There are 2 protein chains.
Amino acid sequence: MDRTAAEPAEGSLLLDDQLCFALYAASRAVTARYRPLLDELGLTYPQYLVMLLLWDQDSVSVRELGAALQLESSTLSPLLKRLEASGLVTRERRPDDERSVAVRLTEDGARLRDRARSVPVAIGDAMGLTPEQDATAKQLLRLLTTNVSEG
Amino acid sequence: MDRTAAEPAEGSLLLDDQLCFALYAASRAVTARYRPLLDELGLTYPQYLVMLLLWDQDSVSVRELGAALQLESSTLSPLLKRLEASGLVTRERRPDDERSVAVRLTEDGARLRDRARSVPVAIGDAMGLTPEQDATAKQLLRLLTTNVSEG
DNA sequence: TCCGATTGTATCGGACACAAATAGATCGAC
DNA sequence: GTCGATCTATTTGTGTCCGATACAATCGGA
């Protein structure tokens with residue numbers, strides 16, 4: 001079994017060989033690309049993801065947000081506090097189950113949706129992938145996430 | 001132009017449609033998978049990436065590390081201080097150019113390489129991609145990173 | 001009713017990640 | 001050679017992230 005430049009040995013510790021680094025670098029590069037667009041909306045990237053969910057579904061519990069975004073409540077709690085301080089969402093305990101906290105859009109939060117509509121298009125353009133490449137990447141990343149998360 | 005479930009409208013704000021989220025989730029899932037392995041080595045994930053470079057190349061400046069990892073020196077400085085406090089690296093200004101700081105492995109740092117050799121294999125197994133899928137993913141992520149970083 | 005177990009949220013500590021400001025060192029135009 | 005511009009690394013401030021822990025509310029059984 002010989003090795004080529006394209007297929008390095010399995011035990012390689014070279015940074016460039018590793019998918020994990022390509023993933024890590026791509027994720028930060030995309031976030032950085034979002035930054036100026038989201039700055040105009042007054043949002044950080046994870047805050048934007050929370051708003052995406054709320055624009056689709058008006059009332060979401062912290063637990064549901066965590067399940068959808070794969071984030072711990074210890075990450076979401078301070079994030080939601082900042083969104084609340086920005087006047088974009090409200091938080092209140094559900095009357096039927098006081099363990100749960102319902103997150104809802106304020107009017108300002110709902111209004112922000114229109115200004116956010118151009119963001120995905122701009123990012124999509126910047127990514128510069130063909131629809132086939134985009135679909136392939138999404139499929140592989142989801143497979144990867146599933147495999148890595150379980151087992 | 002009609003839309004299907006596989007090809008949503010361009011202006012969609014649905015979380016599940018977005019490659020950016022698949023990327024973000026995959027990156028955090030992989031990092032989480034690394035955590036227990038790296039805990040045994042006393043490293044965090046970005047620290048591990050720095051060590052990968054140092055195992056390949058004994059003396060690297062902060063600037064070179066930043067270029068390779070796409071990280072700002074304001075991120076690397078405290079990270080390198082922690083590696084230095086762990087006794088894995090040394091930092092000292094280069095005699096020929098005192099603006100530059102040379103980062104080098106200590107003996108402990110060099111020794112850690114052997115214990116780290118099983119990590120990429122374990123992660124590769126957990127990712128569960130075929131060699132073709134792995135190669136495709138790396139290629140697409142690099143293309144994405146290039147496109148998003150420039151322009 | 002009362003107590004333990006479960007579920008869910010909040011807090012705390014440590015470590016990234018980046019922008020902006022700062023401090024030293026070097027280089028270049030003159 | 002001097003002085004301003006540039007380069008390198010650090011510091012500071014804000015915002016994620018996560019593990020561990022603490023706290024609050026609910027539910028179940030005796």
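Both backbone and side-chain heavy atoms feed into the values below; hydrogens, waters and symmetry mates do not. Throughout, a chain's letter reflects where its sequence line sits, starting with A, and its residues are numbered from 1. As the structure is a computational prediction, the values presented were derived from the model and not from experiment.
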Pairwise side chain to side chain donor-acceptor pair (under 3.5 Å) hits with a residue in residues 74-85 of chain A, at least two apart:
A:Glu84-A:Arg91
Examine distances only and state if a side-chain atom of [X] and a backbone atom of [Y] form a donor-acceptor pair shorter than 3.5 Å.
X	Y	answer
A:Arg28	A:Leu23	no
A:Asn147	B:Met127	yes
A:Arg115	A:Glu40	yes

Along DNA chain D (nearest heavy atom to each residue), the more 5'-positioned of A:Pro46 and B:Glu64
B:Glu64
With a 4.0 Å cut-off on N to O distance, would you call B:Arg94 and B:Asp97 a salt bridge?
no
Does the distance from a Lys or Arg side-chain N to an Asp or Glu carboxylate O, for B:Asp134 and B:Lys138, drop under 4.0 Å?
yes
Using a heavy-atom cut-off of under 4.0 Å over every strand shown, decide if A:Leu71 touches base, sugar-phosphate, or nothing.
sugar-phosphate
Over all strands shown, is B:Ser61 touching base, sugar-phosphate only, or nothing at heavy-atom distances under 4.0 angstrom?
sugar-phosphate
According to a strict under-4.0 Å criterion, is B:Arg91 in side-chain N/O contact with OP1 or OP2 of D:dT10?
yes
On the nucleotide D:dG15, are OP1 or OP2 found under 4.0 Å from the side-chain N or O atoms that A:Gln47 carries?
no
Quickly work out the [X] [atom1] to [N] [atom2] distance and round it to whole Å.
X	N	atom1	atom2	answer
B:Leu65	D:dT10	CG	P	11 Å
B:Glu84	D:dA9	CD	P	14 Å
A:Leu88	D:dG15	CG	P	13 Å
A:Gln70	D:dC17	CD	P	13 Å
B:Asp39	D:dC17	CG	P	19 Å

Against B:Val103, only a single residue in B:Val89, B:Thr90, B:Leu83 fulfils side chain to side chain contact (heavy atoms under 4.5 Å, CB included); can you say which?
B:Val89
Which nucleotide of DNA chain C is the first, and which the last, in the 5' to 3' direction, to come under 4.0 Å of a heavy atom belonging to chain A?
C:dT7 to C:dC18
Heavy atoms of B:Met51 and B:Leu112 approach each other most closely as CE-CD2, 4.5 Å
Using a cut-off of 4.0 Å between protein heavy atoms and nucleotide atoms, how would you tag nucleotides 19-28 of chain D 5' to 3' with B, S and -?
BB----BS--
Indicate the ring-plane relationship of B:Tyr48 and B:Tyr34, choosing parallel, tilted or perpendicular according to the 30° and 60° boundaries.
tilted
Need to verify one output field. Residue with the more 5' nearest nucleotide on DNA chain C, A:Ala29 or A:Arg63?
A:Arg63
